[in-house]
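If you read the sequence from its start, that first residue is 1, and numbering goes on from there.
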Amino acid sequence: MKTSVTNLTTDLLNRITQTPGQCGGRPCIRGMRIRVTDILEMLAENVSVTEILEDFPDLELADIQACLLFAARRTDFPRLTA
């Protein structure tokens with residue numbers, strides 16, 4: 001079970017690419033010029049996943065899941081204690 005979860009996580013995170021010179025080097029989805037931040041901002045503005053997928057026909061549900069996982073990993077800071 002752990003291996004399949006690890007594989008799913010890896011597969012999702014592999015959908016996020018960073019290419020120098022493309023979108024200022026910001027994280028994008030599968031090499032397209034759709035930035036992770038664009039998807040996250042739409043979700044924060046209560047745009048539904050269905051609407052996002054309709055507006056961006058090249059996107060897949062897994063791309064949106066990848067954005068969420070990417071953001072979760074970027075905000076997982078260790079807690080410092082004195």
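With hydrogens and angles ignored, the 3.5 Å screen pairs no side-chain donor or acceptor of Asp38 with any backbone N or O of Ile34.
Annotation: salt bridge (charged side-chain N to carboxylate O under 4.0 Å, His left out) contacts involving residues 42-57, sequence neighbours excluded, are absent.
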Would you be so kind as to tabulate the donor-acceptor pairs closer than 3.5 Å made by side chains of residues 64-77, with sequence neighbours excluded?
residue, atom, partner, partner atom, Å
Thr75, OG1, Ala71, O, 3.2
Thr75, OG1, Ala72, O, 3.2

Only distances under 3.5 Å count here; give the side-chain donor-acceptor pairs of residues 20-31 to other protein atoms, sequence neighbours excluded, each with its distance to 0.1 Å.
residue, atom, partner, partner atom, Å
Gln22, NE2, Gly31, O, 2.8
Gln22, NE2, Met32, O, 2.9
Arg26, NH1, Cys23, O, 3.3
Arg30, NE, Asp63, OD1, 2.9
Arg30, NE, Asp63, OD2, 3.2
Arg30, NH2, Asp58, O, 2.6
Arg30, NH2, Asp63, OD2, 2.8

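Shown here is Asn14, whose CG atom has more than 12 heavy atoms of other residues, nucleotides or ligands within 6.0 Å.
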